[in-house]
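These numbers come from the heavy atoms of this one structure, side chains and all, not from hydrogens, waters or symmetry mates.
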Amino acid sequence: MLEFKQFDFKRNKGLVGLDRVRKRECDDPCSGGSKMITSSSPAVVRYYLALRLGQLRGEAGLTKQQVAGRIGRTGQTVANIENAVNAPTQSDLEKLLQIYGAADEFVELSELLPVARRSVPKRQAPVPEDYDLRLNLEVGMAELDILSGSLVPGLLQIPCYAAAVFRANPNLSDEEIEQLVAARMDRKKIFTREERPVRLYVVMDESVLYRSRGDATVMCDQLDYLLDVARTSEVDLQVLPLDAGSYRGEGTSWTIMNFPEPLRGHPGLVHLDLLGEARYIDDSYMVEQYQRAWRHIIATAISPERSLEMIREAKGKYVSPD
């Protein structure tokens with residue numbers, strides 16, 4: 001039988017409550033920018049470089065093989081750079097930018113190389129490869145926009161709720177569940193990192209509040225946690241009521257990962273939660289489609305204040321009468 005310690009629902013109690021500023025453009029774009037990147041985000045910087053170099057190659061109308069021949073490398077080397085497997089050397093970066101007609105970007109992009117070439121710290125417990133990538137990207141993003149159509153988002157789950165979710169997979173052993181729960185709880189460090197903490201914008205379908213995971217105590221504790229964390233300055237939480245009708249993205253779950261300053265030249269990434277696998281969308285046009293859908297979704301959802309009331313009402317279903 002798996003056992004998990006009681007979760008601390010009262011963390012960050014002194015943070016600002018519902019008077020959060022929702023307009024990101026009102027945040028100071030300079031605070032925590034380059035410092036965040038240089039201290040915690042090698043995977044994010046490497047991914048950003050990969051996207052930018054791939055974009056420039058496409059604009060230049062060149063194939064990977066053509067580029068490889070012109071810089072004296074193999075096609076696989078160029079592919080590894082554009083797939084964020086490896087960061088380019090400074091010499092290769094300079095050659096690539098010259099070929100792409102973007103030599104003026106060398107100084108800016110070369111400043112990112114020391115971070116991009118750093119190794120990512122090993123985890124204490126092993127996790128699936130696609131999940132590991134998500135954790136490495138998540139830790140360095142500035143903002144995460146999360147639509148959740150069936151579950152409380154992983155970043156807002158408590159241990160017992162997370163364990164109940166993982167138990168739905170009959171192929172996982174108790175040990176694997178414990179490791180996955182530990183990894184999921186470890187993700188919450190992005191709210192308390194020394195650099196500028198991540199901002200989380202969450203929209204959940206109302207049905208999430210009534211779909212039981214675990215027993216009534218687990219659900220009460222989970223909803224209590226949502227009520228608590230929604231009052232912190234790091235989280236904006238809205239609910240899409242059942243009577244809102246259809247909306248773009250209905251029945252799906254995804255996360256828009258927004259790059260920190262000064263990596264704002266790309267709209268970001270979209271992480272899709274699929275059965276048994278994760279998928280990342282980094283095509284600028286497609287990311288912008290998700291951002292457009294996101295704006296429609298947050299306009300359709302009820303306000304953060306009303307959302308808290310709805311969560312309290314849902315909690316009543318799980319509370320036993322005295």
Side-chain angles (χ1 to χ4, degrees), residues 4-24 26-29 31-33 35-44 120-121 123-125 127 131-148 151-163 165 180-204 208 221-239 253-261 263 268-269 271 273 298 304 307-308 311:
F4 297 94
K5 295 181 180 179
Q6 178 67 22
F7 198 78
D8 180 9
F9 300 125
K10 304 303 180 183
R11 65 175 184 80
N12 295 334
K13 200 62 177 178
L15 295 174
V16 179
L18 291 176
D19 56 341
R20 297 180 296 275
V21 178
R22 290 189 54 79
K23 291 186 180 293
R24 295 171 187 164
C26 294
D27 293 336
D28 179 5
S31 63
K35 179 182 177 184
M36 183 194 315
I37 295 167
T38 57
S39 63
S40 64
S41 314
V44 169
V120 176
R123 304 193 187 282
Q124 293 183 346
V127 296
Y131 192 56
D132 187 61
L133 174 61
R134 178 176 186 172
L135 300 185
N136 290 333
L137 291 173
E138 196 173 69
V139 74
M141 293 295 181
E143 297 149 354
L144 301 174
D145 302 329
I146 301 177
L147 171 66
S148 186
L151 296 170
V152 171
L155 278 167
L156 299 184
Q157 292 177 8
I158 63 172
C160 291
Y161 183 98
V165 171
L180 289 169
V181 170
R184 182 155 291 184
M185 296 306 106
D186 194 55
R187 290 169 62 191
K188 296 178 186 290
K189 290 180 180 178
I190 63 175
F191 296 123
T192 56
R193 62 192 180 195
E194 292 183 5
E195 304 87 359
R196 187 182 184 185
V198 73
R199 287 295 301 274
L200 198 66
Y201 297 84
V202 177
V203 176
M204 295 191 311
V208 172
D221 287 348
Q222 178 62 73
L223 296 182
D224 272 337
Y225 180 67
L226 291 180
L227 291 170
D228 185 62
V229 76
R231 293 185 176 88
T232 69
S233 58
E234 291 90 357
V235 179
D236 273 23
L237 175 61
Q238 292 179 259
V239 174
S253 296
W254 36 263
T255 300
I256 301 174
M257 297 180 164
N258 298 286
F259 286 116
E261 297 289 348
L263 307 183
L269 308 172
H271 174 273
D273 288 314
I298 60 176
S307 295
L308 291 181
I311 293 172

- Are any non-hydrogen side-chain atoms of E143 and V198 less than 4.5 angstrom apart? no
- Scanning both residues in full, the closest heavy-atom pair of P197 with F191 reads CB-O, 3.4 Å
- Run the side-chain contact (heavy atoms from CB on, under 4.5 Å) check on E138 and L135 step by step: do they pass? CA-CA 5 Å; E138 196 173 69; L135 300 185; 4.2 Å; yes
- Could you tell me whether a side-chain N or O of R187 sits under 3.5 Å from a main-chain N or O of L156, the two making a donor and an acceptor? no
- Any idea which heavy atoms bring R134 and D273 closest together, and the distance? NH1-OD1, 3.1 Å
- Query: Measuring from L223:CG to Y161:OH, what's the distance to the nearest 0.5 Å?
  - Reply: 8.5 Å
- What's the shortest heavy-atom distance between M204 and V152, and which atoms? SD-CA, 4.1 Å
- Sub-3.5 Å donor-acceptor pair from the side chain of Y201 to the main-chain atoms of I298, do we have one? no
- Message: Nearest 0.5 Å, please: how far is CD in Q222 from CD1 in I158?
- Response: 5.0 Å
- Task: Would you check, one step at a time, whether the test side-chain contact (heavy atoms from CB on, under 4.5 Å) holds for L155 with V202?
- Result: CA-CA 10 Å; L155 278 167; V202 177; over 6 Å; no
- Message: For a quick test of reading the model, state the closest non-hydrogen atom pair linking V208 to L151 and the distance between them.
- Response: CG1-C, 3.4 Å
- Which atom pair, heavy atoms only, marks the closest approach of A142 to P260? CB-CA, 3.6 Å
- If you measure from CG on L308 to CG on L237, what distance do you get to the nearest 0.5 Å? 7.0 Å
- Message: Between D236 and R199, is the side-chain contact (heavy atoms from CB on, under 4.5 Å) condition met? List the steps.
- Response: CA-CA 8 Å; D236 273 23; R199 287 295 301 274; 3.9 Å; yes
- Task: Would you check if W254 and H271 make a side-chain contact, meaning some heavy-atom pair closer than 4.5 Å?
- Result: no
- Query: Can any side-chain N or O of R231 pair as donor or acceptor with the backbone N or O of L227 at less than 3.5 Å?
  - Reply: yes
- Any chance you could lay out the side-chain contact (heavy atoms from CB on, under 4.5 Å) test for L147 and D145, step after step, and finish with the verdict? CA-CA 7 Å; L147 171 66; D145 302 329; over 6 Å; no
- Item | Residue list, side chain to side chain contact (heavy atoms under 4.5 Å, CB included) with S307, at least two apart or on another chain | Q238, V239, I302
- Shortest non-hydrogen contact from M257 toward L144: CG-CD2, 3.8 Å
